[in-house]
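Model, not experiment: these values are computed from the prediction. As the structure lists them, so they are numbered: ligands from 1, and atoms in each ligand from 1.
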Amino acid sequence: MGSQKHTEDILREQISMLYQGGKVSVPVNIITSLILAALSWPALDHTSLIIWASAMVMLSILRLFSCFLYFSQPRLFSTHGWANTFVAGSVLTGLLWGSIIFLFPHQSTLSPYLLIVVIFIAGMTAGATSTSGTYFKASAGFVVPATAPPIAYFSMGSTSVELAISIVLIVYTAMLLRTSQTSDKTIHGFLEQRRLNRAQAAELHEQQELLQSVLDTIEVGVVVFDRDMKLTLWNNALTRYLNISPNWLKTKPTMEDFIRLNAENGDFGQGDIEELVRSRMKRFDDPQNITPHRFERTRPTGTRLEIMGNPMPEGGVVTTYTDVTERFLRLEKIRLLADHDSLTGLVNRPVFERRLRHAIASAKRSGNMVSIFYLDLDHFKDINDTMGHPTGDQLLKQVATRLKKTARETDTVARLGGDEFAIIGTHHSNVHDVYRFAERILDILSEPVEIGEQIVHTGASIGATIFPLDNSTPVELFSHADMALYKAKEAGRDRFALFDSHMNDELQDRKRIETELRHAIHNNEFVLYYQPQIDFETKAVIGAEALLRWQHPERGIVAPDLFLPIAETNRLINPIGNWVIEEACAFTNRINGAKSENFKVSINLSAVQFRSEGLQSFIMETMTKSGVTADQIELEITESMVITNVEDAIKTLRRFQSLGISVAIDDFGTGYSSMAYLKDFSANVLKIDRSFVSEANKRDENRKIIAGIISLGHSLGMQIVAEGVEDADQESLLQSLKCDFAQGYYYGRPMPEADFLTYLEERSSQT
Ligand SMILES: Nc1nc2c(ncn2[C@@H]2O[C@H](COP(=O)(O)O[C@H]3[C@@H](O)[C@H](n4cnc5c(=O)[nH]c(N)nc54)O[C@@H]3COP(=O)(O)O)[C@@H](O)[C@H]2O)c(=O)[nH]1
């Protein structure tokens, strides 16, 4: 079907060429035939000649008319119809040309007019071979009818010349037929080839259009440069992403033009345009050896593009532009979230550490100073617990805002977690600057913070160190600022401390004690001392406070103040505290069995211990094991231990009391809003801090405070123990104020069990 169409197409082309030729050859035919008629006029019968010429002219007019119809109404006939029409015209014209020979009668000598006719026929057939040679049937259709009559005419002649002419005409006709056959084939081949070329070109064009429309539908900008670095292909997305006009791209610019336009559009940032172009063209210096490349850039419009260049096998490069703005912004957001504290928006610890390393590295090169501040809000936990976490969060936010305002743009303000903040200052030029900056922070943080309806008072403790005065590594610097912070807190909070090398020694000491404490637990190096508690009225020893001592293998007896705070911060307090409970219960059982019936031991609890979940069950187990009853032990806690989480603390206290274990509030008077919570705590015993007792006789207000504590405690059904009674004056004062029990050096210092037993014996022999 396809090849039939191709044959038809070729035939159409051939016929079209025939009719094109006919427009010239037919008028030529009329003129030539009239000239021949004129030339033959003297030699031929005029009537016959006129008839011949008239027939020729009329036939030619008909053929011209068919040419006109072919061009004006090509669909009048089919291709074959038109071919046959032309061939018929050719045959008839050929026959007319050949028939003229028969107007000459046979004579003994050849008429020169006859030769003229032969020459004209030869000329016309040669011409027809040339003009109708594109279609063999047409040329043969003219040549054969035109030459056959002369051949026949001369072959019937009597002379050898006529015979020779007839042979020459035969050969001539054969040559013409051969030529027109070759011509037909050549034209046929040419048309076939042209058709193939056209088909291929159309297919190529179709593919290109398809490729272009595919490229135009994708959201990736594409541009292709050939091996001469000339733009050959691009798509719509490219024009959008780079804001380049399609008309400009149609001019097929070079890679250099393309890069220059991008540079002028601000795609490569600020700078000398030619320099920007030069640096980017380096990649394309050798178009045969372009290495694949991939990078991202943000356009002046804010669009983030991922650009990938890949060399083509034949040279040149395909570059794609992908809009990665959304992905980029998402990553930026994730990066922002990863680098920032979500509550305050300040940078977080990893970023702080990174920036500190960077600041120290550049300070080493520049010789500048870097100050590292470590801040901790005072009593933040209390605020959180008493006012609620939302208020705590608001406070942290406002603190962050204030710190940001106080610090410079170039400083780093970070939240390290909880209520801990840190600042890297890079603009201080001397130690005074650092002090002034710290004081400013203390001032702004001590200003009350308004949160909703509430006014929150806070403050901060600040530790700092300065590089290069403290020429340490970033990690050490941070730990030194932490040490200084610890010192600031230890000195009473709401203050600033700058690191000095002694602090480091202290830290080393702490670390050493910690290690030794671990050994002490393992080697059972602890011992309990007991300090008697006396009934003011009867002067009898009603019990003792168990006080921990560390029998250090080298340093001898170590007081608890030196190691308990370290044990508290290193989770060592629980095993130590449990040991105290076990040992104190065992001691009480021994005393009650041997010496007394109602002897009670007071056991100090640490904050960590008090909050630990298993404490209650541990005490009950220990009581069962040791045979001690609940009324033989008393637990001492401080106000600060309950004030941090009042509700939970009250629950814990009630649980102990429900078991019959009495609870004493130690160091009473030195804590917070002591009176306000006293009722809720519903403790059994209040122990007046020895600081009031020691000054009781010297300062009237201390005496009044003691009187107030005793009367308040009694009104709430509590018993009162006065701590640190050191002389008889204090004793008589406390007695006059109706204090119930006493404890202090006046009655006896804390002592080991053996000494305590002797003490008890001595006391009982005195009474
Ligand atoms: N969690 C635990 N805490 C304990 C334990 N053992 C002791 N501690 C606490 O350590 C702090 C220091 O105790 P310590 O060095 O033993 O001092 C006690 C007494 O020696 C001292 N004291 C007693 N009377 C006087 C006196 O007349 N004058 C004077 N200057 N000091 C005196 O007071 C300390 C007892 O105080 P308190 O506990 O407040 O009753 C101390 O806070 C202990 O609580 C333990 O096992 N676990």
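Between Trp579 and Phe526, the ring planes are tilted. Angles from 30° to 60° get that label.
By the criterion of a heavy-atom distance under 4.0 Å, neither the backbone nor the side chain of Arg749 is placed next to ligand 1. Contact annotation for Asp561 and ligand 1: only side-chain heavy atoms (C-beta onward) come within less than 4.0 Å of the ligand. Contacts of Asp667 with ligand 1, taken as heavy-atom pairs under 4.0 Å, involve the side chain alone. When non-hydrogen atoms are compared, ligand 1 lies under 4.0 Å from the backbone of Leu605 (N, CA, C, O) but not from its side chain. Residue Leu547 touches ligand 1 through backbone and side chain together, judged by heavy-atom distances below 4.0 Å. Residue-level proximity to ligand 1 for Asn604 is carried by backbone and side chain together, each with a heavy atom below 4.0 angstrom.
The pair Glu636-Lys687 meets the salt-bridge criterion, with a side-chain N (NZ, NE, NH1 or NH2) lying under 4.0 Å from an Asp/Glu carboxylate O. Between Arg440 and Asp443, no side-chain nitrogen of the basic residue sits less than 4.0 Å from a carboxylate oxygen of the acidic one, so the salt-bridge criterion is not met. A salt bridge is defined here as a Lys NZ or Arg NE, NH1 or NH2 lying under 4.0 Å from an Asp or Glu carboxylate O, and Glu514 with Arg518 meets this definition. With salt bridges taken as basic N to acidic carboxylate O contacts below 4.0 Å, none links Arg690 and Glu726. The pair Arg555-Glu516 counts as a salt bridge, with a side-chain nitrogen and a carboxylate oxygen less than 4.0 angstrom apart. At a threshold of 4.0 Å, the pair Glu439-Arg436 does not count as salt-bridged, since none of the basic side-chain nitrogens sits closer than that to a carboxylate oxygen. Using a cutoff of 4.0 Å between basic side-chain nitrogens and carboxylate oxygens, Asp376 and Lys489 are scored as salt-bridged.
Using a 4.0 Å threshold on non-hydrogen atoms, atom 33 (O) of ligand 1 counts as touching the protein. Shown here, atom 12 (C) of ligand 1 is in close reach of the protein: a heavy atom of it lies under 4.0 Å off. For atom 42 (O) of ligand 1, no protein non-hydrogen atom is found at a distance below 4.0 Å.
Remark: side-chain polar atoms of Thr515 are paired, donor with acceptor, to backbone N or O of Lys511 under 3.5 angstrom. Distance alone, capped at 3.5 Å, places no donor-acceptor pair between the Glu695 side chain and the Phe692 backbone. Side chain of Asp535 to backbone of Glu537: a donor-acceptor contact under 3.5 angstrom is found.
Of all the atoms in ligand 1, the ones that sit under 4.0 Å from a non-hydrogen atom of Lys687 are 40 (O). Interface atoms of ligand 1 facing Gly744, defined by a heavy-atom separation under 4.0 Å, are 24 (N), 27 (O). Atoms of ligand 1 found under 4.0 Å from any heavy atom of Val580 (numbered from 1 in listed order, with element): 46 (O). Per-residue contacts place Ser606 under 4.0 angstrom from the following atoms of ligand 1 (heavy atoms of the residue considered): 1 (N). Ligand-side atoms of ligand 1 in range of Gly724: 25 (C), 26 (C), 27 (O), range being under 4.0 angstrom from any heavy atom.
The six-membered or imidazole ring of Phe352 lies near that of Phe478, with a centre-to-centre distance under 6.0 Å. The ring of Tyr530 has its center closer than 6.0 angstrom to the ring center of Phe587. Residues Phe599 and Phe756 place their aromatic rings such that the two centres sit under 6.0 Å apart.
The protein atom (non-hydrogen) at minimum distance from atom 25 (C) of ligand 1 is Tyr745 CE2, 3.3 Å. Residue, atom and distance of the protein heavy atom nearest to atom 24 (N) of ligand 1 are Gln531 NE2, 2.9 Å. Scanning all protein heavy atoms for the shortest distance to atom 10 (O) of ligand 1 gives Pro560 CG, 3.5 Å. For atom 20 (O) of ligand 1, the closest heavy atom belonging to the protein is Pro750 CG, 3.4 Å. Summary of contacts: the protein heavy atom closest to atom 36 (O) of ligand 1 is Glu723 OE2, 3.6 Å. Looking only at protein heavy atoms, the nearest one to atom 38 (O) of ligand 1 is Glu545 OE2, 2.8 Å. With respect to atom 21 (C) of ligand 1, the closest heavy atom belonging to the protein is Arg690 NH1, 3.4 Å.
At a 3.5 angstrom cut-off on N or O pairs, Arg549 counts as close to ligand 1. For ligand 1, the polar-atom distance check against Leu548 finds a nitrogen or oxygen pair separated by under 3.5 Å.
By heavy-atom distance, the residue among Leu564, Leu562, Ile603 lying nearest atom 5 (C) of ligand 1 is Leu564. Considering each of Gln743, Met641, Glu726, the one bringing a non-hydrogen atom nearest atom 26 (C) of ligand 1 is Glu726.
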